[in-house]
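This report concerns only the one structure given below.
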Amino acid sequence: MKYKSQKVAYWFFALSMLLLVLQLVYGFVMGFARIGFDNLHEFVPFNTARAVHTNLLVVWLLSGFMGAAYYIIPEEAQRELVNVKLAYVQLISLAVVGVVAVVGFHFNYWEGRKFLEIPRPLDFLVVINVLLFLGLILVTLFKGKRRTTTALVLSMGLLFAALLYLPGMLPFDSQVMDSFFRWWVVHLWVEGVWELIMGGILSFLLIKLTGVDREVIEKWLYVIVGLTFLSGVLGTGHHYYYIGVNKIWLIVGGIFSALEPLAFLAMALFAVNMYRKGEKKHPNKLALYWTLGAAIVSFVGAGLLGFAHTLPQTNLYTHGTLVTAMHAHLAFWGAYGMIVLAIISYSLPNMTGRKLYLTPRGRAAFWLSNIGMIGMTVAFGVAGVAQVYLERKFGMDFMLVQKEISIHFVVLIICASVFTTGIIMYIIEFYKHGRPTDEAMEVSIQ
Amino acid sequence: MLSKKQARAFFLGGTLVTFLIFIGLTIYSFSKGNDQSNHENITESVVRGKKIWESNNCMGCHTLLGEGAYYAPELTKVIDRLNMKYNGQGEEVIKSILMSPVPWQPNGRKMVAYEMTEQEAEDVVEFFRWIGEIDLNGFDRIVSPLAKEDNNN
Ligand code: HEM
Ligand code: HEM
Ligand SMILES: [Fe+2]
């Protein structure tokens, strides 16, 4: 049995796709600026393009997570969402705040704090919006017939993500303190509570797609999120090595952040093993591709490429270079981008009644976007390593180095075009599913 | 084998313990004697400089303390670096870049023309001077011209 109120998820996913496309447009603006075509400088200087690119990333992922929660929580709690109208109000207000913020970035209305560029007054609107969302989810969960571990972990991730937004709103006179607490948001999000969200969605999908017993899946979910926090909380120290705080973080951050890949490794092994073990052959193969893909690519992007520069001895040279951008792209894509696309691929046929499982276009979308993103990662990586050697080891001037490595940004743009082709195909497929209907919700298979 | 209950205990216990240590270490790093953030030298001018730095999102192109974007040079030791390049005229050069009505583009890559007043530009320089004196556990040696000199030899 499905629940009609789950349909609201569709609109969060649609918003998410729209913002993703816009994010990519601004990515290209930056890519072209780097190879000398900074023609939009007057209206969209690099810093505007960058703030838009990263903030849209965060908002499309959040919109995807919220959609996922509106889809998953009723099904797990076995009851309708407590108030569907308010969910739509929340959707629209999220879109409005997002648009106002992004437009503001074009008019010098921002705070230059990496990833948290949204100005403080708008932050309060974000908080209200998220409180409304959490209220709807949590009340549904607690009025529900059952409280599953999957639902609890997902909701806990969302709740902590909201709480952790607050340290980022504290004002400081010192740049060092500002940075210190900015990481409580940025790091503890992506290497902490967002992994709970990812783990919750992943476990929901694995239960549905593989048919493995819930008890088994949820036990491993606890182990994974346990590993996440055990390493990730003190792992925050890897951002404190060289920003003007005590040396103790070199040791603490070094040891604990080096353990962080374990959580991602566990996630990958978990997904692959459950898939092997599963008796049930769910027809939605495309959703399975994205689900297993997320678990594996996140291990490569976050686990391996994160580890590559997390020890203090290496980070001393790579800190603040394009090596960081290499890791950032594959980590965000694998862990959070792909899990959002996985839950969309799974839920869309159920909500609309059109079973477009594993069409040629859907398959091409998966492979092109992943191959494109891996190519982009390599391009950033080669540029980054060259930058580290030329600038940091051999002492060449920053801009001279940039000229040397600009060819890698040509490669980046080519790979980004492959990636974008994949995303466009994904969105065409999304569109072809049509709108969600009540009838579809009633007949859909689990 | 591990039961679900044990798995949950591992999650809750591990989280609580590491979180408490994290808070403890935070307090430790900013307590007297351990603080190396150059807090005592923050002047009103430095604070104004930081506000200007923030309200224009300079970090959207540059890095500072290794944080920000990778499009324009690291500015942690910028005064030293430009002093060396322009015979001790580093501060003047920075001010003229910030006050310029046309985009500064020494190597083809454009910076936004901010047209700051003399006072604003002075505040930003003060901010950079303050940043330059923070103890960065050795990172400053990697990005400063003096270390680059050493590396070149
Ligand atoms: C899905 C998980 C992850 C995501 C989305 C992610 C994303 C990012 C992003 C966006 C940055 C740039 C931050 C900035 O400079 O403002 C960053 C930096 C960094 N990440 Fe990750 N990361 C993840 C997991 C990991 C893991 C597991 C490790 C370690 C094993 C790691 C190690 C690092 C390090 C050392 C830096 C600092 C780079 C520098 O000094 O410039 N990351 N990450
Ligand atoms: C059309 C595709 C894309 C292009 C051309 C592109 C290009 C870029 C460029 C040039 C930067 C700025 C690096 C700098 O500061 O110099 C950047 C930053 C960033 N992009 Fe993308 N990007 C694309 C897609 C994506 C996607 C799909 C994601 C996430 C899944 C993403 C996540 C990020 C993040 C997290 C940063 C900040 C990195 C850091 O500070 O280390 N980008 N991107
Ligand atoms: Fe981190």
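Heavy-atom basis, side chains included; hydrogens, waters and symmetry copies ignored. The sequence lines fix the lettering, A, B, ..., with proteins before strands; numbering per chain opens at 1.
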Contacting region of B:I134 [heavy-atom separation from chain A under 4.5 Å]: side chain
Nearest atoms (heavy-atom pairs only) where A:V176 meets B:L65: CG2-CD1, 4.3 Å
Note, B:K5 side chain near A:K219 side chain (heavy atom, < 4.5 Å): no
Atom of A:A51, atom of B:N57 and distance for their closest heavy-atom approach: CB-ND2, 4.0 Å
Set of ring-ring contact (aromatic ring centres under 6.0 Å, His included) partners for A:F160, sequence neighbours left out: none
Evaluation steps, side chain to side chain contact (heavy atoms under 4.5 Å, CB included), between B:V112 and A:H41: CA-CA 8 Å; B:V112 176; A:H41 180 85; 4.2 Å; yes
Contacting region of A:L188 [heavy-atom separation from chain B under 4.5 Å]: side chain
Atom group of B:I42 that falls short of 4.5 Å from chain A, counting heavy atoms: side chain
Trace of the side chain to side chain contact (heavy atoms under 4.5 Å, CB included) decision for B:R109 with A:R34: CA-CA 8 Å; B:R109 221 175 247 186; A:R34 279 185 159 279; 3.6 Å; yes
Validation row, ring centre B:F22 to ring centre A:W184 under 6.0 Å: yes
CA sep, side-chain torsions, deciding dist, call: A:Q175, B:W53, side chain to side chain contact (heavy atoms under 4.5 Å, CB included): CA-CA 10 Å; A:Q175 183 70 23; B:W53 170 262; 4.0 Å; yes
Heavy-atom contact with chain A under 4.5 Å, split by part of B:I23: side chain
Region of B:L2 in contact with chain A, defined by heavy-atom distances below 4.5 Å: both
Nearest non-hydrogen partners of A:W249 and B:S29, listed with the distance: NE1-OG, 3.0 Å
Beyond-backbone contact of B:I142 with A:H319, side-chain heavy atoms, under 4.5 angstrom: no
Best-contacting candidate, A:T236, A:L221, A:N108, A:T324, against chain B by heavy atom pairs under 4.5 angstrom: A:N108
Under 4.5 Å from any heavy atom of chain A - which part of B:T26: both
Interface residue of largest heavy-atom contact number with chain B, from A:T321, A:D38, A:I248, under 4.5 Å: A:T321
Electrostatic pair A:K114:B:E67 at N-O distance under 4.0 angstrom: no
Top of A:M399, A:E218, A:E42, A:E117 for chain B proximity - count of heavy-atom pairs under 4.5 angstrom: A:M399
Contacting region of A:F409 [heavy-atom separation from chain B under 4.5 Å]: neither
Heavy-atom pair of closest approach, residues A:L227 and B:F10: N-CE2, 3.7 Å
Residues of residues 30-38 of chain B contacting chain A, heavy-atom criterion under 4.5 Å, by residue number: B:F30, B:N34, B:Q36, B:S37
Stacked cation flag A:R50 on B:Y70, 6.0 angstrom / 45 deg: yes
Side chains of B:N137 and A:Y241 in contact at under 4.5 Å (non-hydrogen atoms): no
Under the salt bridge (charged side-chain N to carboxylate O under 4.0 Å, His left out) test, residues paired with A:D178 that sit two or more places apart: A:R113, B:K50
Distance-minimising heavy-atom pair for A:N47 and B:N56: ND2-O, 3.3 Å
Between A:E111 and B:S55: side-chain donor-acceptor atoms closer than 3.5 Å: no
Contact summary for A:F398 and B:Y71, nearest pair of heavy atoms: CE2-O, 3.6 Å
Under 4.5 Å from a heavy atom of chain B, the part of A:A49 involved: neither
Residue part contacting chain B, namely of A:V401, when any heavy atom lies under 4.5 Å: neither
Partner set under side-chain contact (heavy atoms from CB on, under 4.5 Å) for A:H239, not counting sequence neighbours: A:W183, A:H187, A:E191
Contacting region of B:K85 [heavy-atom separation from chain A under 4.5 Å]: side chain
